[in-house]
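Heavy atoms only: backbone and side chains are in, while hydrogens, waters and symmetry mates are out.
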Amino acid sequence: MTAGPLFKCTDFYGRQISYQGIEFSGSARDVFWTRYIEPFLENIIDHVVTETLRLSAEKRQDPKLTLLEASSLLKSLIHRAFRRMADVDRRLCGKGYPEKVPLRNTDSEIAGMEQFLDQRIIAELAMNKPRHWINEFYDEHPFLFWLIGFLITAAGLFLAG
């Protein structure tokens, strides 16, 4: 960032971030660590949870089991993302000598993202109502229920008449 072409990237909201001729410290480092990656991760979490629920319904799988598996995989993604950010931070702060700079502790950032994920999973599980076998049977054979209703009505009219 201190030499060479302009460094440019776009944040989650489409805003341009650009730096040139400065060290990776102060505001540049603050931008990197202050809600830069979190909106991307939150968006991924939203899409994965939504798609997991859709697929579990389509495949008639227990959403609790599929959401817990997705949560585990998403937590792995969160850890990898912050581990990578800490490595980038170390390289940029080290100015060519990353081994001279301690690796940034990202436990609080990881904990915050895991809390966001856990709250989303808990909310989805709380809204999930288990389906009874009769609901499943009705979804697969609605005509039988209409036929039974018709036969009961016809029998009632026949007996009354």
Side-chain angles (χ1 to χ4, degrees), residues 1 4-20 24-94 98 101-150:
M1 288 176 47
L6 178 69
F7 169 79
K8 290 185 351 182
C9 69
T10 305
D11 72 4
F12 179 79
Y13 304 103
R15 294 183 299 241
Q16 280 287 328
I17 300 170
S18 58
Y19 290 102
Q20 185 175 25
F24 185 69
S25 63
S27 68
R29 193 170 186 215
D30 289 344
V31 167
F32 185 70
W33 285 108
T34 307
R35 298 253 337 132
Y36 172 73
I37 198 69
E38 289 86 349
F40 291 103
L41 294 173
E42 290 166 357
N43 188 48
I44 291 168
I45 288 168
D46 181 54
H47 285 291
V48 168
V49 168
T50 300
E51 187 65 9
T52 299
L53 289 169
R54 187 191 69 74
L55 284 172
S56 68
E58 179 183 301
K59 303 295 183 185
R60 298 177 189 254
Q61 298 294 315
D62 181 2
K64 181 177 181 178
L65 295 176
T66 56
L67 282 174
L68 293 176
E69 178 69 20
S71 174
S72 176
L73 294 170
L74 287 165
K75 284 182 180 180
S76 176
L77 170 73
I78 290 166
H79 283 259
R80 281 196 331 262
F82 282 107
R83 198 169 38 246
R84 177 74 175 122
M85 285 185 69
D87 183 57
V88 168
D89 178 83
R90 183 183 203 182
R91 290 171 185 266
L92 290 172
C93 288
V101 177
L103 195 62
R104 179 184 168 106
N105 183 330
T106 58
D107 289 348
S108 63
E109 288 89 352
I110 290 171
M113 283 308 305
E114 285 186 345
Q115 182 180 14
F116 174 86
L117 171 60
D118 291 342
Q119 289 174 346
R120 175 68 192 272
I121 299 296
I122 289 168
E124 292 296 344
L125 290 174
M127 290 188 295
N128 181 44
K129 294 187 172 93
R131 292 181 52 91
H132 299 288
W133 68 269
I134 194 76
N135 299 101
E136 299 288 336
F137 188 78
Y138 176 80
D139 288 345
E140 292 174 13
H141 310 287
F143 179 74
L144 290 177
F145 284 82
W146 299 334
L147 181 62
I148 292 169
F150 174 75

If I take atom [atom1] from residue [X] and atom [atom2] from residue [Y], how far apart are they, to the nearest 0.5 angstrom?
| X | Y | atom1 | atom2 | result |
| --- | --- | --- | --- | --- |
| Phe32 | Asp30 | CZ | CG | 12.0 Å |
| Arg29 | Asp89 | CZ | CG | 4.0 Å |
| Arg120 | Ile45 | CZ | CD1 | 9.0 Å |
| Leu41 | Ile78 | CG | CD1 | 6.0 Å |
| Glu51 | Thr66 | CD | OG1 | 11.0 Å |
| Leu68 | Asp62 | CG | CG | 8.5 Å |

For the pair Ser71 (side chain) and Leu67 (backbone), establish whether a donor and an acceptor sit closer than 3.5 Å, ignoring hydrogens and angles.
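No: the side chain of Ser71 does not pair with the backbone of Leu67.
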Hey, does the side chain of Arg90 reach the backbone of Val101 with a donor-acceptor pair shorter than 3.5 angstrom?
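Confirmed, Arg90 side chain pairs with Val101 backbone.
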Shortest non-hydrogen contact from [X] to [Y]?
| X | Y | value |
| --- | --- | --- |
| Ala86 | Leu103 | O-CD1, 3.5 Å |
| Tyr19 | Ser27 | OH-O, 3.7 Å |
| Lys64 | Leu125 | CA-CD2, 3.5 Å |

List the atom pairs, donor and acceptor, that lie under 3.5 Å between side-chain atoms in residues 108-118 and the rest of the protein, sequence neighbours left out.
residue	atom	partner	partner atom	Å
Glu109	OE2	Arg104	NH2	3.0
Glu114	OE2	His79	NE2	2.7
Asp118	OD1	Lys75	NZ	2.9

For Arg84, does the CZ atom have more than 12 heavy-atom neighbours from other residues, nucleotides or ligands under 6.0 Å away?
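Atom CZ in Arg84 is not crowded, with 12 or fewer foreign heavy atoms closer than 6.0 Å.
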Hey, are the side chains of Met85 and Thr106 touching, using non-hydrogen atoms and a 4.5 Å cut-off?
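No, too far: nothing below the 4.5 Å cut-off.
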Could you tell me whether Asp87 and Arg91 have a side-chain N and a carboxylate O separated by less than 4.0 Å?
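Looking at Asp87 and Arg91, the cut-off is met.
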Hey, could you give me each pair passing ring pair (Phe, Tyr, Trp, His ring centres under 6.0 Å) that has a residue in residues 38-77? Not counting sequence neighbours.
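Sorted result for residues 38-77: Phe12-Phe40, Tyr36-Phe40.
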Phe82 vs Trp33 aromatic rings, parallel, tilted or perpendicular, using cut-offs 30° and 60°?
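It falls in the parallel class, under 30°.
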